[in-house]
Amino acid sequence: MGAATILQEMDRRKAIADVFRTVLAQHGIVVAIGPMDFHLSEKIITELTSKPAGLSEKVLDHMFPKEPVPSTVYHYTGLAGFQGIVSSAELWLYPVRNRLGQGGELEAFALAHGLNGYLDKTKGEEFYKSLSDDLFYASLTRVPPKDPMVMWGAFAQGTGVRLEFQVTPKRGAELRPIYYEPIGPTLPMTFLKEINDALKAMGEPPFTPWTISRICAFYLNSAFQQKMRFAF
């Protein structure tokens, strides 16, 4: 690689780093990122695995802010679910796999952000479905809930119970609010899409955060909003 080519590559990397800093600064976010802090390939931009994924975490935290720790939350359930909780003395997490096709889990985010690899089924089922086998969740709501009647009707079947928990996530767990896609004819403008649109305007590939799988899990389509508006 000649000197001129190296200088062109550095100028390109500096311009990409400027895009990240500029878009984040518009949202009041400051992050230190230099021209050599990311991998640059033909199709995607990713952070270096040898460094803490600061940019990826900033994107995740801005799109889905963490709840205070510890958090007091409610869990609504029917009588059968309550009996199971009492008999086992445990609140089981629910597999995301069992929700596919109902709320747009994983698929909605992939569609909105052009993650075509998640949707590819030329080698079998779509990758997002396989990914769902390793993701689990519990449906909780803030105290007080914004619409108690919806919680009682949708989750407690009208005659169930409301349990109160104080939650402190352990390593590997996340307590964040669900983001619901707004209803409309065009794709929603999310924080990640804003970054990638700015990169696209420069002719650069999109940024793919290391936290992309977790991001997908907190994003649902608007059709599901009437059922799980305040889930985490």
Side-chain angles (χ1 to χ4, degrees), residues 1-66 104-122 126-128 131 174 176-225:
M1 183 180 292
T5 305
I6 293 175
L7 291 175
Q8 290 173 350
E9 176 71 8
M10 286 303 300
D11 287 343
R12 180 187 177 193
R13 285 178 165 273
K14 289 177 182 178
I16 291 172
D18 284 342
V19 169
F20 287 131
R21 287 192 292 267
T22 299
V23 176
L24 268 66
Q26 291 171 353
H27 294 270
I29 302 171
V30 177
V31 60
I33 182 167
M36 302 306 295
D37 288 345
F38 49 84
H39 290 292
L40 179 57
S41 70
E42 181 180 348
K43 294 185 177 181
I44 62 170
I45 299 172
T46 58
E47 288 185 90
L48 300 179
T49 55
S50 59
K51 298 187 64 176
L55 178 58
S56 296
E57 288 295 330
K58 292 290 186 182
V59 172
L60 175 62
D61 289 343
H62 185 76
M63 293 180 71
F64 313 101
K66 290 181 180 179
E105 278 86 353
L106 309 183
E107 181 184 20
F109 187 90
L111 287 169
H113 295 84
L115 301 179
N116 298 325
Y118 275 34
L119 305 169
D120 184 16
K121 53 183 178 182
T122 57
E126 298 92 325
F127 178 65
Y128 80 85
L131 179 65
E174 300 280 352
R176 302 176 188 265
I178 291 289
Y179 174 86
Y180 293 96
E181 243 180 30
I183 298 174
T186 60
L187 292 175
M189 178 56 70
T190 66
F191 186 43
L192 179 58
K193 195 171 186 299
E194 188 176 343
I195 293 172
N196 287 337
D197 282 355
L199 290 169
K200 184 179 180 180
M202 293 178 55
E204 297 296 349
F207 171 62
T208 301
W210 292 119
T211 50
I212 195 73
S213 297
R214 281 187 289 164
I215 289 176
C216 287
F218 289 102
Y219 185 101
L220 299 179
N221 64 35
S222 55
F224 199 48
Q225 188 169 358

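All heavy atoms count here, side chains included; hydrogens, waters and symmetry mates do not. All residue numbers refer to positions in the sequence shown, counting from 1.
The CD1 atom of I195 sits 11.0 Å away from the OG1 atom of T22 when rounded to the nearest 0.5 Å. Atoms CE and CG, on M63 and L192 in that order, are 5.5 Å from each other to the nearest 0.5 Å. Separating the CG atom in L115 from the CD1 atom in I215 is a distance of 9.5 Å, to the nearest 0.5 Å. The structure places NE2 of H27 at 3.5 Å from CD of E194, a figure rounded to the nearest 0.5 Å. To the nearest 0.5 Å, the span separating CG on L106 from CG on L111 amounts to 11.0 Å.
Partners of F109 according to the ring-ring contact (aromatic ring centres under 6.0 Å, His included) rule, which considers only residues two or more places apart in sequence or in another chain, are H113, Y219. For T46, the side chain to side chain donor-acceptor pair (under 3.5 Å) test picks out no residue, with sequence neighbours left out.
Ionic pairing of D197 and K200 is not present here: no N-O contact between side-chain nitrogen and carboxylate oxygen is shorter than 4.0 angstrom. Between R13 and D37 there is no salt bridge, since no side-chain N of the basic residue sits under 4.0 Å from a carboxylate O of the acidic one.
Of all heavy-atom pairs spanning R176 and L60, the tightest one is NH2-CD2, 3.4 Å. Scanning both residues, S56 and P209, for their nearest heavy atoms gives OG-CA, 3.3 Å. Across A198 and V19, no two heavy atoms sit closer than the pair CB-CG1, 3.7 Å. Listed here is the closest heavy atom pair of A17 and I33: CB-O, 4.0 Å. Across every non-hydrogen atom of I178 and A217, the tightest pair is CD1-O, 4.0 Å.
Counting heavy atoms from C-beta on, the side chains of E9 and I6 never come closer than 4.5 Å. A heavy-atom distance below 4.5 Å is found between the side chains of L220 and E105. Within the 4.5 Å cutoff, side-chain heavy atoms of L40 are placed close to those of E204. Using a 4.5 Å heavy-atom threshold, the side chains of H39 and I45 count as separate. Between K43 and P205 there is no side-chain heavy-atom pair separated by less than 4.5 Å. At a threshold of 4.5 Å between non-hydrogen side-chain atoms, the residues F127 and D120 do not count as touching. Side-chain contact between E107 and E126: absent, with no pair of heavy atoms (C-beta onward) separated by less than 4.5 Å. Between E47 and W210 the shortest side-chain heavy-atom distance falls below 4.5 Å.
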Chi angles and distances behind the side chain to side chain contact (heavy atoms under 4.5 Å, CB included) call for Y179, F64: CA-CA 7 Å; Y179 174 86; F64 313 101; 3.2 Å; yes
Verdict with supporting geometry, T211 and V59, side chain to side chain contact (heavy atoms under 4.5 Å, CB included): CA-CA 9 Å; T211 50; V59 172; 5.7 Å; no
V23 vs I29, side chain to side chain contact (heavy atoms under 4.5 Å, CB included): CA-CA, chis, key distance, verdict: CA-CA 9 Å; V23 176; I29 302 171; over 6 Å; no
Residues L48, M36; criterion side chain to side chain contact (heavy atoms under 4.5 Å, CB included); working and verdict: CA-CA 9 Å; L48 300 179; M36 302 306 295; 5.8 Å; no
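Proximity of the aromatic rings of F207 and F38 is defined here by a centroid distance below 6.0 angstrom, and this criterion is not met.
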